[in-house]
There are 2 protein chains.
Amino acid sequence: MAREATSKTHAMRALVELRKRITKGELPGGTRLFEVALAEDLQVSRTPVREAMSRLAEEGLLERAPSGGFMVRSFAYADVLDTLELRGVLEGTAARLAAERGVPEAKLREITEVVRKLDEVFGDEPGDVDFEAYSELNGQFHDALAALPGSATIERELARVKSLPFASPSAFLPNEGRLSAFRRSLAVGQEQHRELVAAIAAREGARAEALAREHALAARRNLEYIFSSEHSMVTTVPGLELVAPAEK
Amino acid sequence: MAREATSKTHAMRALVELRKRITKGELPGGTRLFEVALAEDLQVSRTPVREAMSRLAEEGLLERAPSGGFMVRSFAYADVLDTLELRGVLEGTAARLAAERGVPEAKLREITEVVRKLDEVFGDEPGDVDFEAYSELNGQFHDALAALPGSATIERELARVKSLPFASPSAFLPNEGRLSAFRRSLAVGQEQHRELVAAIAAREGARAEALAREHALAARRNLEYIFSSEHSMVTTVPGLELVAPAEK
DNA sequence: TCCGGAAAATTTGTATACATGACTGCGCCA
DNA sequence: TGGCGCAGTCATGTATACAAATTTTCCGGA
């Protein structure tokens, strides 16, 4: 998961800065981005700004306006739900294909090892979890899962979806540390990790697909909880601030 | 499905020309595209060439090279198979969500009307089909299907996948006209259209998903046939010429 | 022969001036 | 008063010169 070098070129600095502003919700959905204004603001010329915006459009954070130029993409609550649904479907497909096609021994060992390491972050006490480590390893698990079927196509599309800040597998984890019910859900998630790998190893495609879907939909439950009961937690989930507040 | 205006700007002309060359297989996968060379060839400056390449990367036909610049994306036989699988999965999801969430009366009427028009292109004789009209209406059906659940997210991702030339719902249709067995398969496809709409209307999510997946996989059967038995037909499917010939 | 490394060539990155096109608002005409 | 059209303004499209970075080439040394 090597992130692009933060600041080798002006375009990259502009890209990172713009992405930050968008995901923080500083630029509401629909906002038109003007090259000259941004160039002046970022102290570079229009050229790297264009390059940055072009890449952000590729990422899905910007849209190309019909008559040229870019605008910030609007994400309503429903769009976030559907994106999480989409991640579930794609991870389910990765799991099913891995089961159907079979997985090389090395890859299976690799993801099993990640699951083992995830076990280690749970302490003796029920709610005793190293969240930092869990988040990192959880990301590794989902990356390994995407790679299991050995399909560049699937891996690529999954990477695309997961690149949206609120669709990252670890996006909602910081929240889970807050409430004990959430903490317990981590253990449930880990159990799903284990069962998922077992299903794939046993070549049980339908079960693997169902498990992966259900696992991804834990994020949906968290999202629904935040928006219905604890709206203040919106700020704790990366990228959730860019969701249009109007359509709850 | 309004295609972009072919030639309002230099960038658009370059985009269209480059896309043509790539899908025709004139530029093999992995080919590095140099801005200056292309600019000279297309009689424009580097700026619109960059813009065109950037959009083609967004489309999935080009990849960004690690050290800057672009290269033609390689599509192996397996990648085409996986892309068709992916389209099946996404159309299945669109169908399932439409069934689960319910579809506004107007949209249901619209897609039913497309199915009705598709009926009309079948003549009295078994193999008597207006392929031109079938192809156009088939595209309309799949566009309407993508829009059924009312999810911009799903519709967008589906549009992305279908934009790859060999993943278009009508990509393999020209072939089907060649052999009588293929002609019969059109009738099978139309029956699937009908059942799919019925399943969605009846809110049968699982069935709708299965039907949509199976329907999309007809393309996979055609692909397998072409590559195993009638490799000469590769030229008759748009965009299939760009598939790397090496890996069978 | 092989490797390291520096210089040369090539390619992309950036700034900027100018051209072209889109939008706004004003005023003219019906 | 309403609508049409014509500027003027503003934003993007394009070309181009120069800078920086990457890749290639070639030479010297081990």
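In this text the structure is predicted, and so the values were computed from the model without any measurement. Each chain gets a letter, A, B and so on, in the order the sequences are listed, and its residues count up from 1.
Paired with B:Ser151 under the rule side chain to side chain contact (heavy atoms under 4.5 Å, CB included), one option of A:Asp82, A:Thr83, A:Asp79, A:Leu86 passes, and it is A:Asp82.
Atom CE of B:Met71 and atom P of D:dT23 are 12 Å apart (whole Å). Residue B:Leu15 contributes atom CG, which lies 12 Å from atom P of D:dT14 at whole-angstrom precision. Atom P of nucleotide D:dG13 and atom CZ of B:Arg55 are separated by 8 Å, given to the nearest angstrom. Distance, A:Met12 CE to C:dT14 C1': 14 Å, rounded to whole Å. Regarding A:Glu51, its CD atom lies at a distance of 17 Å from the C1' atom of D:dT14, rounded to whole Å.
Under 3.5 Å, the side chains of B:Glu91 and B:His142 contain a donor-acceptor pair of N or O atoms.
Heavy-atom distances under 4.0 Å link DNA chain D to no residue of residues 30-40 of chain B.
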Check against salt bridge (charged side-chain N to carboxylate O under 4.0 Å, His left out), A:Arg73 and A:Glu59: CA-CA 11 Å; A:Arg73 184 165 163 204; A:Glu59 240 176 78; over 6 Å; no
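Aromatic pair A:Phe75/A:Phe166: ring centres closer than 6.0 Å.
Taking each heavy atom of A:Pro238 and A:Ala171 in turn, the nearest pair found is CD-O, 3.4 Å.
A close approach under 4.0 Å does occur between a side-chain nitrogen or oxygen of A:Ser67 and OP1 or OP2 of C:dC23. For C:dA15, the OP1/OP2 oxygens have a side-chain nitrogen or oxygen of A:His10 closer than 4.0 Å.
Proximity of B:Pro28 to B:Thr31: side-chain heavy atoms (C-beta onward) are separated by under 4.5 Å at one or more points.
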Under 4.0 Å protein heavy-atom contacts per nucleotide of nucleotides 16-21 of chain D, with B for base, S for backbone only and - for none: BB----
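Residue-environment remark: CD (A:Glu132) stays at or below the threshold of 12 foreign heavy atoms within 6.0 Å.
In this structure, CG on B:Leu145 lies 8.5 Å from NE2 on B:His215, to the nearest 0.5 angstrom.
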